[in-house]
Amino acid sequence: MKETIIKVEHLYAGYHGEAIMEDLSFDIRKGEIFVILGGSGCGKSTVLKHMIGLLPPVSGRVLIHGQDMITARGKKRNQLLQQIGVAFQNGALFGSMTVLENIMLPLKEYTRLPFDAIQTIARAKLKLVDLTGQGDLLPDALSGGMKKRAAIARAMALDPAIVFLDEPSAGLDPLTSAEMDFLIMDLADTLGITFVIVTHELESILTIADNTIMLEKDTKSIIARGAPEDLKADASNAYVYQFFNRNPERDKKP
Amino acid sequence: MADLTVDHTDTLLFFAFSGRLDAAGIADVWEKAGNGLRQGNGPALAIDLSEVDYFDTAGAAFIAHLDKMALGRNWDKTKITGLDSASTALVERIRKAGPEPSPDTTAPTGRARSFVEKKGRSVADFLYDAHTFIAFLGEIFWAFLSSLAHPGKIRWGETLRVAEQAGANALPIVALISFIVGLVMAFQSAIPMKMFGAEIYVANLVGIAMVRELGPLMTAIVLAGRSASAFAAEIGTMKINEELDALTIMGLEPVRFLILPRVIASTLMTPLLTVFAILVGILGGAVVILSLGHPFVAYYNQVVGFVSWGDFTGGIIKCFVFGILIAATGCIRGYQTSQGPSAVGEAATRAVVSSIVLIAVFDGIFSILYYMLGV
C-alpha cells in the first residue's frame, strides 16, 4: 500500500463556526484519484476549501505531507502551496492575461528561470492538456471545456504532487466530459499526480475514481467510502444505492 | 377573456365560467369569483366549466384556490363539472400538492422586527463593517510599509498600468471640473465684489480656495467616482470568478498582488492630478478677471502674492491621504463582494459612497489639524 499524502483528521467543515459536515476523517494515498462525492449543496466544495487552506475549518485539521496548511505561515506555507495545484470550477483564469501568461504566472513568481525557459515550460503544459494552439488567446475566447483544461495546466505549472479539481466535468457535454476523464487518468498515470476531485458526475466517478468518500447533507457525515464499483453494488444504504443507480424513488429501495 | 355567471340556490352557490381560463382570463373573473364566494351562503360550491374553451395550469390553480376557499368556510366538497379528464387530473394534482409550508416561527426572520431592534441591528452591522474595514485598511497599510522596505517585490508594471488608467486618463475630466469650478467661483464672486471696486481680490479668493480646498477635494471626488468604482468592479469580478482564490492558492496574496499596485498608483497620481487641477482652476478664474479688463499679470501677482507655499504643501499632503483612501476603499469593497449577479454593481456603489464619505471626513480632520498647527 502506498504512503498517505493527505490526512484529514476530525474535520468539522463549515463557515462562521457552524459545521455543515461533522467529524470527517479520511486518508488519501499517493498517486490515487480520490473523489469526494455527494449531492448538490452538501458541502463538498467547502471541504475542498478547507483542504487547500483557503478557509479555516470549524475544527480539526488537514495534513498535507504531515503539515497543517492553515497554521503554516511564511516560507513554510509557500513551500506547501507549491505542493498543490487547484483548478476551480469555472477555471478562474485571469481574464486580463492570455492563457499562456496564466500558466507562466506561477513560474514567474516562484522560479528564477529566464523568460524563454518559462515560456517553453508553459507551452509544454499546454501540450499536456491538448491546448497547443490556444496559448495566445484570452480566456474569454475559450469554450467551457477548454477553460477547465487550461486551469488544469495552470494548476500543474509548478509540477505539484497533488492537484485538486472542483467539478471538472460539470456543465460539459458527454463527449467533452469523457475527454476530461481520460485527460485526468492520463496525467495521473504518466506524471504520478495525486488527484483530489469534487464531483457528482456519476459517469466520471465510475470511470476515474480509485477511491471515494460520499458525503450526505442530513447526517453531516461520510455515509460511504471505498471503490466506486463497490459502492454501486452495495445495497445496504438506500441513499448510496439511489445515487449510484440514479433512482430517486425512495419507496423502491432494494 | 373569461366570463363568470354566479347563481344561487338554497343549497348551492353556482359558478359558470366561459371563455379562456388562462392567466390573462383569470384576471377578469378573480375579483368577482372571490366576492361571490364571500357573499354566498353555501353550503356547497359547484363550478361548471363546460363553456370554457381553454384551460391551463393557471386556471387549475384558480379552481383549486376557489375550492380551498370554500373548504375554508366549512362547506361541502366542491363539485366541478365540464372538464375533460386531463384537466381534472391537473386540478386534482394541484389540490393534492401537499399543505403549504407553515412559516417557521422560531426563525428570527419570521416575525416583524420592532423599530428598536431594527435600529440596533443596523448599528451593529455598521460597527461590524467599520471594524472589518479598519482591519483591512491596516493590513493594506502594513503591506504598503513593508513593501517600501523591499521595493523590488512591488509589481511595477501593474502599478504603471493602473497609474495610466486611473491617473493620466482622468486628466480631461479633472481639468474640466476644476476649470468650471474656478470660473464659476470667480464669476459669482466678481459681481458683488465689483460693487466695492474690489474685483481684483477675486484672484485671492480663487487662488486660496483652489490650492487649499477645492483642488484636492474636486480631484478626490472625481477619482472616487472614476477609480474607486473601477477597482471595486475589477476586484469584485475577480472574486466572483474565484480568481482571488486562485491567486491565494498560488501563494500570491491578493493584497500584495492586486491591491498594493492600485494603492501605490493612486497615492502617487492623486497629488499630481491635484497640482494640475489647481492650475486649471486658477486659469478658470483668470478668464473672468481678464474679461473684466484686468491684465493677466495683475491676476498672477495677486495669486502668487497671497497664496503661500504652506498653503500649497498643506493641500498636496491631503492628496496623498485621499489617494490611499480612494484606492483602499475601492479594493476593500471589491474584496467584500458577495455572490450573485448584482453583487459587483453593489460593491462599486458602496466603494464610491464610502470613499466620498471618507474623503469628506478626512478633509474635515485636516482642516482642524491645519488650524491647530497654524498652517
Side-chain angles (χ1 to χ4, degrees), chain A residues 15-16 45-46 48-49 51-55 64 69-70 72-97 101-111 139-140 147-148 150-152 154-158 160 162-167, chain B residues 107-108 124-125 128 131-132 139 142-143 146-147 149-150 152-162 164-166 230-231 233-262 265 334-341 344:
Chain A
Y15 292 89
H16 309 304
S45 295
T46 312
L48 185 80
K49 277 189 178 166
M51 291 176 75
I52 58 183
L54 266 185
L55 186 72
I64 293 179
M69 179 106 76
I70 294 291
R73 287 280 171 275
K75 268 220 172 92
K76 210 165 132 197
R77 181 179 156 85
N78 271 349
Q79 277 169 2
L80 267 180
L81 285 174
Q82 287 180 51
Q83 291 292 312
I84 67 169
V86 183
F88 290 91
Q89 193 168 349
N90 296 315
L93 299 167
F94 304 119
S96 57
M97 306 177 187
E101 284 168 344
N102 262 286
I103 302 169
M104 285 160 65
L105 181 69
L107 290 162
K108 268 191 209 161
E109 292 289 322
Y110 279 105
T111 65
D140 279 345
K147 271 186 202 163
K148 282 174 193 267
I152 294 177
R154 189 179 66 183
M156 296 194 314
L158 294 167
I162 312 160
V163 171
F164 293 85
L165 306 177
D166 192 0
E167 309 265 3
Chain B
D125 285 348
Y128 177 75
H131 175 86
T132 49
E139 199 181 321
W142 175 245
S146 56
S147 75
H150 308 279
K153 279 193 166 178
I154 297 172
R155 296 175 67 220
W156 290 110
E158 172 86 351
T159 309
L160 285 177
R161 189 188 65 81
V162 177
E164 187 194 341
Q165 268 181 9
F231 294 164
E234 234 174 319
I235 292 179
T237 312
M238 291 186 79
K239 168 140 186 198
I240 286 185
N241 290 339
E242 295 181 302
E243 289 175 41
L244 295 185
D245 286 347
L247 276 177
T248 313
I249 283 303
M250 288 181 192
L252 311 170
E253 282 303 318
V255 170
R256 180 182 77 77
F257 199 82
L258 289 175
I259 297 183
L260 216 52
R262 286 171 172 73
Y335 206 87
Q336 290 171 334
T337 304
S338 49
Q339 294 297 318
V344 174

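Keep in mind that the numbers below use all heavy atoms, side chains included, and drop hydrogens, waters and symmetry copies. The sequence lines fix the lettering, A, B, ..., with proteins before strands; numbering per chain opens at 1.
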| remark: Looking only at heavy atoms, the pair that brings Ala246(B) and Phe94(A) closest together is CB-CZ, 4.3 Å

Can you say whether [X] sits under 4.5 Å from chain B via the side chain, the backbone, both, or neither, judging by heavy atoms?
X         : value
Gln82(A)  : neither
Leu158(A) : neither
Phe164(A) : neither

| note | Cut-off 4.5 Å, heavy atoms of chain A, and the answer for Leu247(B) is both

| task | Measure Met250(B) against the heavy atoms of chain A and call it side chain, backbone, both or neither at under 4.5 Å. | result | both

| If you count heavy-atom pairs under 4.5 Å with chain B, which of Asn78(A), Asn90(A), Leu105(A) comes out on top? | Leu105(A)

| note | Counting heavy-atom pairs under 4.5 Å with chain B, the top scorer among Ile84(A), Leu93(A), Leu80(A) is Leu93(A)

| said: Counting only heavy atoms from other residues, nucleotides and ligands, does the tally under 6.0 Å from NZ of Lys108(A) exceed 12? | reply: yes

| Residue among Leu252(B), Thr248(B), Ile249(B) with most heavy-atom pairs under 4.5 Å to chain A | Ile249(B)

| query | Atom CD of Glu243(B) and atom CE of Met97(A): how far apart are they, to the nearest 0.5 Å? | reply | 9.0 Å

